[in-house]
*Asks:* 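Below you will find the structure I want to go over with you.
What you see is a predicted model, and the numbers here were worked out from it, not measured in a lab.
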Amino acid sequence: MARKDPPQQPPPVQRLRVRYAKRGRLRFTSHRDFSRAFERAVFRARIPMAYSSGFNPHPRISYAGAAPTGSASEAEYLEIALSEVLVPADVHAALDESLPPGLDVLEVAESPGGSLADRLEASRWQIDVDLPAAAVGTAVDIFLAAGEVLVERMTKKGLREFDTRGAVLALTAVPDGEATALQLVLRHGVPAVRPDDVLTALTSVSGLSLGEAPLMTRMAQGLLDETGSIGDPLV
């Protein structure tokens, strides 16, 4: 007996882009854990999702540019496809109510089409370091003066070595009482340079230990303009 083809789902009638935050202890949520939590929130909020075709249909949710596990973020993005046209503000309220505190929906906007990932060209980070700004600033100056700073990190493809300096568009050490707030702008690329890679590079070039687990918070990500500023990808 011939196997039947899987049922075909109707195409989406609306796509919405969502900006959300990972705060507090929820910053330790892995991308896989968040995706499960978000799918449960969609179900609880009764959002009329569009589904993929095939023998195991799943809600059409596209994630883009997720921050590393352990990092806080005010600028994470995803896109959902719907089977009905809804008011974005209503979806915002329903999703935020259905997610746990610390995973917070900040903005919902209608998608104009095209790739959301292509609109995430760079990120702005704040890294809180429990050291005086003078010492951290010296390490920053040494790093910025270098033409190349190589680091190693274990990836899914094994141990890889890559240059961190080329991805850093801006890096400053701002005094914060007796501590320091590192302000970092990173260009996205392949392989992706993460803020913890930059901390490793700072230690490598200066010998300065920046602590075991500085708080790293993504403040923005989006399109990179000619001045080095990061634009809102939902605009």
Side-chain angles (χ1 to χ4, degrees), residues 17-45 58-59 61-80 92 94-108 116-117 120 122-131 136 151-160 162 164 167-168 171 174 176-177 179-186 188-203 208-222 230 233:
R17 291 178 175 175
V18 179
R19 176 188 173 201
Y20 65 95
K22 293 201 316 180
R23 296 165 171 160
R25 290 188 298 176
L26 271 298
R27 72 182 186 274
F28 296 106
T29 304
S30 69
H31 176 64
R32 181 177 295 180
D33 289 338
F34 172 77
S35 62
R36 285 197 292 258
F38 188 78
E39 287 192 22
R40 289 195 296 268
V42 164
F43 179 78
R44 284 195 296 268
H58 58 271
I61 304 172
S62 300
Y63 302 92
T69 302
S71 303
S73 180
E74 296 293 314
E76 300 298 284
Y77 293 92
L78 58 82
E79 184 173 284
I80 57 177
H92 182 165
L95 287 176
D96 199 38
E97 185 176 350
S98 300
L99 283 166
L103 296 177
D104 305 316
V105 175
L106 304 179
E107 188 177 359
V108 177
L116 174 59
L120 304 179
S123 291
R124 179 165 53 86
W125 292 84
Q126 177 171 309
I127 307 172
D128 297 321
V129 179
D130 193 20
L131 289 171
V136 180
V151 301
E152 290 184 336
R153 173 163 44 86
M154 187 62 69
T155 70
K156 294 179 180 179
K157 297 182 178 180
L159 188 65
R160 295 195 64 178
F162 48 91
T164 56
V168 173
L171 180 62
V174 180
D176 184 13
T180 303
L182 277 170
Q183 304 292 338
L184 168 67
V185 178
L186 275 176
H188 297 173
V190 179
V193 174
R194 308 187 319 198
D196 53 315
D197 296 324
V198 176
L199 294 181
T200 300
L202 286 171
T203 298
L208 180 67
S209 175
L210 297 172
E212 290 296 322
L215 175 60
M216 299 179 290
T217 304
R218 173 146 57 192
M219 308 304 296
Q221 67 170 322
I230 296 175

*Asks:* Which atom pair, heavy atoms only, marks the closest approach of L99 to A37?
*Replies:*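 Nearest heavy atoms, L99 then A37: CD2-O, 4.0 Å.
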*Asks:* List in chain and number order the residues that pass side-chain hydrogen bond (donor to acceptor under 3.5 Å, both in side chains) with E39, two or more places apart in sequence or in another chain; answer none if no residue qualifies.
*Replies:*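 Testing E39 for side-chain hydrogen bond (donor to acceptor under 3.5 Å, both in side chains), a comparison that skips the adjacent residues, returns none.
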*Asks:* Does the R27 side chain pair with the main chain of G70, one donor and one acceptor, at a distance under 3.5 Å?
*Replies:*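 Looks like yes, one N/O pair under 3.5 Å.
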*Asks:* Between E107 and R17, is there a side-chain N and carboxylate O pair less than 4.0 Å apart?
*Replies:*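 So E107 does not pair with R17 through a salt bridge.
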*Asks:* Looking at side-chain heavy atoms only, is the closest gap between L199 and P214 below 4.5 Å?
*Replies:* yes
*Asks:* Who are the side-chain hydrogen bond (donor to acceptor under 3.5 Å, both in side chains) partners of S30, not counting sequence neighbours?
*Replies:* D33
*Asks:* Can you name the residues that form a ring pair (Phe, Tyr, Trp, His ring centres under 6.0 Å) with Y63, not counting sequence neighbours?
*Replies:* H31
*Asks:* Quick one: are L202 and L171 in side-chain contact, heavy atoms under 4.5 Å?
*Replies:* yes
*Asks:* Which heavy-atom pair separates A181 from D128 by the least distance, and what is that distance?
*Replies:* CB-OD1, 4.1 Å
*Asks:* List the atom of A67, the atom of S73, and the distance in Å for their closest heavy-atom pair.
*Replies:*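 Closest approach of A67 to S73, heavy atoms only: CB-CB, 4.5 Å.
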*Asks:* Would you name the heavy atoms of A66 and R218 that are closest together and state the gap between them?
*Replies:*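 So the two residues come closest at C-NH2, 3.4 Å.
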*Asks:* Please name the residue in the list Q221, Q126, R23, R124 that meets the side-chain contact (heavy atoms from CB on, under 4.5 Å) test with E74.
*Replies:*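 Exactly one candidate clears the test, R23.
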*Asks:* Ring centres under 6.0 Å, that's the criterion: do F34 and Y20 meet it?
*Replies:* yes
*Asks:* To the closest 0.5 Å, what do you measure between CD1 (I61) and CD (E79)?
*Replies:*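 The distance works out to 11.0 Å.
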*Asks:* Go through the structure and list residues passing side-chain hydrogen bond (donor to acceptor under 3.5 Å, both in side chains) with R153, not counting sequence neighbours.
*Replies:*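 By the side-chain hydrogen bond (donor to acceptor under 3.5 Å, both in side chains) rule, R153 matches D197.
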*Asks:* Would you say CG of D176 has more than 12 non-hydrogen atoms from neighbouring residues, nucleotides or ligands within 6.0 angstrom?
*Replies:* yes
*Asks:* Tell me whether the count of non-hydrogen atoms from other residues, nucleotides or ligands lying under 6.0 Å of CZ in R160 goes above 12.
*Replies:* no
*Asks:* Measure the spacing between OG1 of T29 and CZ of R36 and express it to the nearest 0.5 Å.
*Replies:* 10.5 Å
*Asks:* CZ of R40 to OG of S98: how many Å apart, nearest 0.5 Å?
*Replies:* 11.5 Å
*Asks:* Quick one: list whatever passes ring pair (Phe, Tyr, Trp, His ring centres under 6.0 Å) with F162, sequence neighbours left out.
*Replies:* none
*Asks:* Could you work out, with ring pair (Phe, Tyr, Trp, His ring centres under 6.0 Å) as the rule, every residue matching H188, not counting sequence neighbours?
*Replies:* none
*Asks:* Looking at D196 and M216, what are the two nearest heavy atoms and their distance?
*Replies:*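 For D196 and M216, the tightest heavy-atom pair comes out as N-SD, 3.7 Å.
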*Asks:* With side chains defined as the heavy atoms from C-beta onward, is the minimum distance between V168 and L186 less than 4.5 Å?
*Replies:* yes
*Asks:* Rounded at 0.5 Å granularity, tell me how far CG in L208 sits from OG1 in T203.
*Replies:*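 Between L208 CG and T203 OG1, I get 6.5 Å after rounding to 0.5 Å.
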*Asks:* Can any side-chain N or O of D96 pair as donor or acceptor with the backbone N or O of V105 at less than 3.5 Å?
*Replies:*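 Here the side-chain-to-backbone pair exists.
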*Asks:* Quick one: CG on L182 to CH2 on W125, what's the gap to the nearest 0.5 Å?
*Replies:*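 Interatomic distance, L182 CG to W125 CH2, rounded to 0.5 Å: 13.0 Å.
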*Asks:* Testing the basics here: between A75 and A220, what is the closest heavy-atom pair and its distance to 0.1 Å?
*Replies:*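 Answer, listing the atom of A75 first, then A220: CB-CA, 3.6 Å.
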